[in-house]
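Given the structure is predicted, the values throughout are model-derived calculations rather than measurements. Scope of the values below: all heavy atoms of this structure, side chains included, with no hydrogens, waters or symmetry mates.
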Amino acid sequence: MADTKREIERKYEGPSAGGDTGLPDLTRVPGVAGVIDKGLAELDATYYDTADQRLAAASLTLRRRTGGDDAGWHLKLPVSEGVRDEVRAPLSDTVPRALSGLVRSRVRDAELVPLVRLLSARDVRHLVDASGALLAEVSLDRVHAERLSGGKGTAEWTEIEVELADDGDPAFLDKVEKKLRKAGISRSSSPSKLARALGETGKSETGRKKSATAGPADAPVTAGDHVLAYLRAQRDAIVELDPAVRRDVYDSVHSMRVATRRMRSALRSYAKVLDRSVTDPIGDELKWLAGELGVDRDQEVLTERLTESLDSLPRTLVSGPVRTRLRTWAHARRGGSRRRLIAVLDGSRYLDLLIALDALVTDPPLLEAAGGDPSTVIAKAVRKDYGKVAGLVGQALDLPPGADRDSAMHEARKKAKRARYAAEAATPALGGPAADLVRSMKSLQTLLGDHQDSVMTREALRELSAQAHGAGENAFTYGVLYGREEQRAAAAEAALPGLWEAVEEQTAV
């Protein structure tokens, strides 16, 4: 079982060998009423990584540590500068499955091996306010590093860590830093102990092989360059979002699904740039992954929409245990979909897809058009996608309200997404006109998406109503909600002609 702690901290260079060997006086930091000596802790940490240091390249650290009050396995995931999520698991002889899964998108099928051992003598002080509440923990660490693989040698240094208390104000760290600077103490040049240990005990692999997700840093020039830059960004997003999806971080499933769709759409839109005999099988696998991610996401959307609609009803229109039935229905569906999604991410098919994506962006199957002028090749692809959207919108507008129109609007929505993603990839090359098309397609996609959500919500309401009726409950409220969804769909259909007219006027690609 693993738990997560948000860690906000700053690291500083420790006192020089010939100077003061203790922590500076921090009693005069504004807001500090007392400095409590917590004593000395002896920490023994072994850091794990692949032989080519894929975790270090992605600024991830995985360690097994004894000593102190948080002994166990720790996986640190970067959030922003100075902010990391630390996922913890109990001590064991091997890497816990709960943590190995979180690094699988980086590690792939490579073995995790002991990389560096750090022995730290940690002198700890607690900064507290007038009520005795913890503001921050300040520690002086005397570190001895020993390389275990991928190099040899040892290193020693001293550093100061200031870690903000849970739910503390990050601005407090600025106050502490001001006092440290007055004492002649500056920020550390290394982002972590591991990074420093790698640099001082042997040649770091991160300098020559950044990771499986690294790519060329040169600015794109040709049509192929622009398409590959977009594909590489989506591949990186999939890999980086994997741990968040496994941890059920808010909106992570949706974001990962969007990345898979963007990549698949770009492969289809730019079929003149990349050989479809290679990209079509990858596109099929991306469609599969998006579908698996969609099981969870679609349920989230439906539940949120139904809950919001129910909350907006006057109490007089709510009959029977509607909320309870909705919660039970949502929980049953989501529980099953979560288990299925984790199984997908742990499966060999997903791993094979990640490997295929790496191969695609590192050794792309470029066609002759890839070397062409982006203003010609890419613009032509975007115009083609836009033409498909125009045809489907026109078809929908010609149909009477009903199932056929619903279907046509749904198809137009899917093509609007593709045109939007194609225009996103084109924006660095085409500039303003492509950016305008992105905005127009996003507006159209939002309108058509709300219409499709109404279609799906009405299907869910029919299911919920049937369950309620079968249990002898009053189904009146489900009918009221159904009627409101019909009104929302009708409003979207009525707004479509005006929106489409505005899109046509603004489109210049």
Side-chain angles (χ1 to χ4, degrees), residues 2-17 19-27 29 32 34-48 61-76 82-93 96 99 114-129 132-148 154-168 172-173 176-177 179-180 183 185 187-188 190-197 200-201:
D3 57 73
T4 303
K5 180 182 182 296
R6 176 60 56 87
E7 180 184 83
I8 302 176
E9 68 176 20
R10 295 180 186 177
K11 295 181 181 294
Y12 302 87
E13 297 292 342
S16 61
D20 185 7
T21 59
L23 288 166
D25 180 14
L26 297 173
T27 56
V29 173
V32 174
V35 178
I36 302 174
D37 186 346
K38 303 300 289 185
L40 189 69
E42 300 290 344
L43 309 177
D44 186 345
T46 299
Y47 288 77
Y48 286 72
T61 59
L62 174 64
R63 73 185 179 203
R64 181 187 187 275
R65 190 167 79 180
T66 58
D69 58 4
D70 63 347
W73 285 89
H74 305 150
L75 172 64
K76 294 178 182 284
V83 182
R84 295 186 291 183
D85 279 344
E86 184 176 271
V87 186
R88 300 175 175 178
L91 277 175
S92 60
D93 292 335
L99 301 188
L115 183 64
V116 169
R117 185 184 185 191
L118 299 182
L119 301 174
S120 302
R122 170 165 290 182
D123 189 5
V124 181
R125 302 286 188 278
H126 280 184
L127 308 185
V128 298
D129 64 15
L134 180 65
L135 297 171
E137 179 177 284
V138 182
S139 62
L140 176 68
D141 292 345
R142 296 176 176 85
V143 184
H144 173 85
E146 177 185 356
R147 192 65 168 262
L148 301 178
T154 62
E156 292 185 352
W157 69 89
T158 302
E159 69 179 36
I160 293 173
E161 284 188 6
V162 183
E163 182 175 347
L164 190 68
D166 294 346
D167 302 319
F172 179 71
L173 295 181
V176 176
E177 180 163 318
K179 289 295 183 183
L180 291 176
I185 296 172
R187 287 277 194 104
S188 174
S190 296
S192 68
K193 287 184 176 66
L194 176 61
R196 184 163 184 169
E200 295 190 14
T201 63

> Quick check: does any side chain N or O of Ser120 sit under 3.5 Å from a backbone N or O of Arg122, one acting as donor and the other as acceptor?
Replying inline: no

> What's the spacing between Asp141 CG and Glu161 CD if we round to 0.5 Å?
Replying inline: 5.0 Å

>> Please determine whether side-chain contact (heavy atoms from CB on, under 4.5 Å) holds for the pair Trp157 and Glu13, giving the CA-CA distance in whole Å, both sets of side-chain angles, and the decisive distance to 0.1 Å.
In response: CA-CA 9 Å; Trp157 69 89; Glu13 297 292 342; over 6 Å; no

>> Could you measure the distance from the NZ atom of Lys76 to the OG1 atom of Thr61? Nearest 0.5 Å is fine.
In response: 6.0 Å

> Can you check whether Leu135 reaches Val29 side chain to side chain, under 4.5 Å on heavy atoms?
Replying inline: no

> Heavy atoms, side chains only, cut-off 4.5 Å: are Val162 and Glu177 in contact?
Replying inline: no

> Given Ile8 and Leu173, is the side-chain contact (heavy atoms from CB on, under 4.5 Å) satisfied, shown in steps?
Replying inline: CA-CA 9 Å; Ile8 302 176; Leu173 295 181; 3.9 Å; yes

> Given side chains that start at C-beta, do those of Leu148 and Leu115 come closer than 4.5 Å, heavy atoms only?
Replying inline: no

> How many angstroms lie between atom CG of Leu134 and atom CG of Leu127, to the nearest 0.5 angstrom?
Replying inline: 7.5 Å

> Is any side-chain heavy atom of Tyr48 closer than 4.5 Å to a side-chain heavy atom of Pro114?
Replying inline: yes

>> Is the shortest side-chain heavy-atom distance between Asp70 and Arg88 below 4.5 Å?
In response: yes

>> Under the rule for side-chain contact (heavy atoms from CB on, under 4.5 Å), what residues qualify as partners of Leu40, not counting sequence neighbours?
In response: Glu42, Ala121, Asp123

> Does the pair Leu26 and Leu180 meet the rule for a side-chain contact (heavy atoms from CB on, under 4.5 Å), with working shown?
Replying inline: CA-CA 8 Å; Leu26 297 173; Leu180 291 176; 4.1 Å; yes

> At their closest point, which heavy atom of Thr46 faces which heavy atom of Arg117, and how far apart are they?
Replying inline: OG1-CG, 4.1 Å

> What is the distance from atom CD1 of Ile160 to atom CZ of Arg10, rounded to the nearest 0.5 Å?
Replying inline: 14.0 Å

> Is there a donor in the side chain of Arg147 and an acceptor in the side chain of Thr201, or the other way round, less than 3.5 Å apart?
Replying inline: yes

>> Minimum heavy-atom separation for Ala197 and Ala145, please, with both atom names.
In response: CB-CB, 3.9 Å

> Which pair of heavy atoms, one from Pro24 and one from Ala183, lies closest together, and at what distance?
Replying inline: CB-CB, 4.0 Å

> Taking NZ, NE, NH1 and NH2 as the nitrogens, is one of them in Arg84 or Glu7 under 4.0 Å from a carboxylate oxygen of the other?
Replying inline: yes

> Looking at Asp93 and Arg64, what are the two nearest heavy atoms and their distance?
Replying inline: OD1-NH2, 4.3 Å

> When you measure from the side chain of Asp25 to the backbone N and O of Thr27, does any donor-acceptor pair fall under 3.5 Å?
Replying inline: yes

> Of the non-hydrogen atoms in Ser192 and Lys11, which two are nearest, and what is the gap between them?
Replying inline: CA-CE, 3.9 Å

>> For a side-chain contact (heavy atoms from CB on, under 4.5 Å) check, start with the C-alpha distance between Val116 and Lys193, then their side-chain angles and the critical distance, and finish with the verdict.
In response: CA-CA 10 Å; Val116 169; Lys193 287 184 176 66; over 6 Å; no

> Charged N to carboxylate O under 4.0 angstrom, Arg125 versus Asp37?
Replying inline: yes

>> What's the separation between atom CG in Leu118 and atom CG in Leu194, rounded to the nearest 0.5 Å?
In response: 7.0 Å

> How long is the gap from CG on Leu23 to OG on Ser139, to the nearest 0.5 Å?
Replying inline: 7.5 Å

> What residues, two or more places apart in sequence or in another chain, satisfy side chain to side chain donor-acceptor pair (under 3.5 Å) together with Glu156?
Replying inline: His144

